[in-house]
Amino acid sequence: MQFWLMKSEPTVYSLADLERDGRTAWEGVRNYQARNFMRDSMQPGDLVLFYHSNAEPSGAAGIARVACRAYPDHAAFDEKSGYYDQRSSPEKPLWFMIDVEFVAHFASVIALETIKGDPALEGIMVARRGMRLSIQPLSEEHFRHICKLGGVAVG
DNA sequence: GCCAACGTTGGC
DNA sequence: GCCAACGTTGGC
């Protein structure tokens, strides 16, 4: 079992949206490193910190869970989609996605500022300056610590 | 294969 | 809205 952080702009898709939907396809990832994490490493049952970026405040909003193995991102095949990529086809898909399902909201958002200032979270990738990767691996210790800050018991 | 130009991300 | 960081593209 691995732990992940996944970013989403709440004005585009928030944790509250995921709670309403129950489960959603994480379409539109167009970065090779993030794609490789989804395609090669993410397993059903892995836990995810749902991170709100470009938000007030930006930070970890709650928890989601990986719901299935990676499969081709069909938004890349759809010419009308903003995520369309002509290099990807159903025969030879370039981009992949997973489904995530809602688990829990934190009592309040754990702000990036809080994460950066917490010695227990030293070295966490999201706190690194200029870190733009939208899917990041996370140590179990860091994951559990943030859940504790958020008032949610996991496992 | 180098690297400058360009586009995007995302905190602030 | 600004701009630093950094990924991608494309000319050579």
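Order of the sequence lines sets the chain letters (A, B, ...), proteins ahead of strands, with each chain counted from 1.
Residue A/R132 has its side chain nearest to B/dT8 when only C/dT9, B/dT8, B/dG10 are considered. With B/dG10, C/dT8, B/dC12 as the candidates, the nucleotide lying closest to the side chain of A/Y32 is C/dT8. Distances were taken from every side-chain heavy atom of A/Y51 (C-beta onward) to each of C/dT9, B/dG11, C/dG7; the shortest belongs to B/dG11. The A/K116 side chain lies nearest to B/dG11 when the options are B/dG7, C/dT9, B/dG11.
Atom C1' of nucleotide B/dG10 and atom CG of A/L112 are separated by 10 Å, given to the nearest angstrom. Spacing between atom OH of A/Y13 and atom C1' of B/dG10 amounts to 21 Å, rounded to whole angstrom units. One interatomic measurement links the two molecules: CD of A/E56 to C1' of B/dG10, which rounds to 13 Å at whole-angstrom precision. Going from atom CG of A/D85 over to atom P of C/dT8 covers 12 Å, rounded to whole Å. Atom CE of A/M131 is separated from atom P of C/dG7 by 8 Å (rounded to the nearest Å). B/dG10 atom C1' lies 12 Å from atom CD of A/Q136, rounded to whole Å. Between the NZ atom of A/K7 and the P atom of B/dT8 there is a distance of 17 Å, rounded to whole Å. We find that CZ of A/R30 is positioned 14 Å from P of B/dT8, with the value rounded to whole Å.
Between A/W26 and A/F50, the ring planes lie perpendicular to each other; the angle is over 60°, past the 30° to 60° tilted range.
In this structure, A/D118 and A/L149 have side chains that are in contact, with non-hydrogen atoms separated by less than 4.5 Å. Taking the side chain as every heavy atom from C-beta outward, A/L49 and A/F106 approach each other to under 4.5 Å.
Side-chain contact, A/D99 with A/Y71: a donor N or O sits under 3.5 Å from an acceptor N or O.
Comparing A/R87 and A/N54 against DNA chain C, the residue whose closest nucleotide sits nearer the 5' end is A/N54.
Distance alone, capped at 3.5 Å, is enough to place a donor-acceptor pair between the A/H52 side chain and the A/L15 backbone.
A/S58 has a side-chain polar atom (N or O) that falls below the 4.0 Å cut-off from OP1 or OP2 of B/dG11.
Nucleic acid contact class of A/R35 (heavy atoms, under 4.0 Å, all strands): none.
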